[in-house]
Colleague: 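Sharing a structure with you now.
Because only heavy atoms are used, hydrogens play no part in the values below, and waters and symmetry mates are left out as well, while side chains stay in. A, B, ... follow the sequence lines: proteins, then strands. Residue 1 opens every chain. Just so we're clear, the structure is a prediction, and the values are computed from it rather than from any experiment.
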Amino acid sequence: MKTELTISTGAIDEAALAKCREMGKGMGAVICFSGVVREIEGDAPITAIDYEAHEQMARHQFALIFDAVEKSWPVESVRLVHRLGVVPVNEPSLWVEVTAPHRAEAFDACQFVIDEMKQKVPIWKKPIPA
Amino acid sequence: MKTELTISTGAIDEAALAKCREMGKGMGAVICFSGVVREIEGDAPITAIDYEAHEQMARHQFALIFDAVEKSWPVESVRLVHRLGVVPVNEPSLWVEVTAPHRAEAFDACQFVIDEMKQKVPIWKKPIPA
Amino acid sequence: MKFWSYFRDHTGCAETALELAKGTTLGETHAAVLDEFPKLAGSKNSTLKAVGLEYEDDDFVLSDGDEVSFFPPVQGG
Amino acid sequence: MKFWSYFRDHTGCAETALELAKGTTLGETHAAVLDEFPKLAGSKNSTLKAVGLEYEDDDFVLSDGDEVSFFPPVQGG
């Protein structure tokens, strides 16, 4: 299984990411998920979220999650980008792409990666009030 | 709920579609699904699939599916592109995008649209053998 | 009446017209079509039937000018 | 020992060193940290604990030079 992990303060360019996708001829399904910063966090309006990571541990924990994907589904590739630092409202902080032979495993694996991330990957957020 | 439906023989340009997405500030999740033509259909290698539609009925049936999405989930928008005619191996024939406040409803609504399409929308495929 | 996908290959035509008695149902029309195009009989139970842009049941009563479509299971995606 | 996210605000420092007896467990270390930084006590049960890059249980026995991290529930995405 191919994996590509980017953890950086750069903005996530989904169009560019879509363009550089490489897919084997046996693959029939691609899921892309984007998690976008909303203008409300809890009950209060915000302008942005400031993301912090224990970056080395985050990379290791993502690698463990990708290993678990490879063991559970016939997925061809997982690409994941998590932005750090200040992410303004309406911009993505997370982008996950899964390519697989069929739709079901692509959906399952993509949701698994996000669920596991939300349990295990040491990234935290600090809302920036409006 | 905003909807955008394209049924045409033109190639699906995912990067361009990503670029022209418009998202409200309360939206936190985007799912994009691409269904791609695989080199094997059944047991035999193919070079492409030729898609045919009862186009007017297909548009109507998609509209009914979008109505059902609007009634079931707080989805902001669904955009769907189905390509007709000859779609070569490794190119997408279907692209579905759902934007919603949260991840769970975006995933559920996207899978619902595809499941319903596969039951109800009059589109057929003819594999072109290698 | 319109035929779609490989049903067109079985009938040899994309559409045809049929004179029906008043009160004829969609199911009765399907039976008449199977008589005229025996190659469709193998797909009898999987045939989808629409009137205009809507799927309808066998007991749907047809009206003058209704456009009826017969086709195999759909395969979008 | 490293503190992350708002634990850093509670301790006033990003990291600190602690002399521990041989055989001290991660759970005992957490208790010592709570003694030194009482503001962390409110998060006691939700605290995540890692040694190096791995999550470990309270009965994990620390070795010389281990880097221990304490942090609140993660919030990626």
Colleague: Name the region of B/K120, side chain, backbone, both or neither, that has any atom closer than 4.5 Å to a heavy atom of chain C.
Modeller: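 Both parts, backbone and side chain.
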Colleague: With a 4.5 angstrom heavy-atom cut-off, which part of B/Q119 approaches chain C: side chain, backbone, both or neither?
Modeller: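 B/Q119 touches chain C through backbone heavy atoms alone.
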Colleague: Does any heavy atom of chain C fall under 4.5 Å from the side chain of B/E52, the backbone, both, or neither of them?
Modeller: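 Side chain only.
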Colleague: Please tell me whether C/H10 and C/F37 form a close aromatic pair, meaning their ring centres lie under 6.0 Å apart.
Modeller: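 No: the rings miss the under 6.0 Å criterion.
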Colleague: Chain C heavy atoms under 4.5 Å from B/A53: which part of the residue, side chain, backbone, both or neither?
Modeller: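 Backbone only.
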Colleague: Checking heavy atoms, do the side chain of B/I123, its backbone, both or neither come under 4.5 Å from chain C?
Modeller: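 Contact with chain C: backbone and side chain both.
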Colleague: Heavy-atom pairs under 4.5 Å with chain C are the metric here; pick the option from B/R59, B/R83, B/Q56 that has the most.
Modeller: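 That would be B/Q56.
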Colleague: Would you check if the side chain of B/R21 reaches a backbone N or O of B/E97 as a donor-acceptor pair within less than 3.5 Å?
Modeller: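 Flag not set: sc B/R21 to bb B/E97 has no pair under 3.5 Å.
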Colleague: Taking C/D58 first and then C/K49, would you say they form a salt bridge - that is, a charged N and a carboxylate O separated by under 4.0 Å?
Modeller: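 Between C/K49 and C/D58 there is a salt bridge, with a charged N closer than 4.0 Å to a carboxylate O.
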Colleague: Would you call the rings of B/H54 and C/F71 parallel, tilted or perpendicular, taking 30° and 60° as the class edges?
Modeller: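 If you compare the ring of B/H54 with that of C/F71, the planes turn out perpendicular.
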Colleague: Donor-acceptor pair, distance only, cut-off 3.5 Å: does the side chain of C/E67 make one with the backbone of C/A50?
Modeller: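 Checked: no pair found.
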Colleague: Using non-hydrogen atoms and a 4.5 Å limit, figure out which bit of B/L64 sits close to chain C: side chain, backbone, both or neither.
Modeller: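 B/L64 touches chain C through side-chain heavy atoms alone.
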Colleague: Using heavy-atom distances under 4.5 Å, tell me whether C/P73 contacts chain B through its side chain, its backbone, both, or neither.
Modeller: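 Contact with chain B: backbone only.
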Colleague: With ring pair (Phe, Tyr, Trp, His ring centres under 6.0 Å) as the test, pick out the partner of B/F112 among B/W73, B/F33, B/F66, B/F107.
Modeller: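 It is B/W73, the one option of B/W73, B/F33, B/F66, B/F107 that forms the ring pair (Phe, Tyr, Trp, His ring centres under 6.0 Å) with B/F112.
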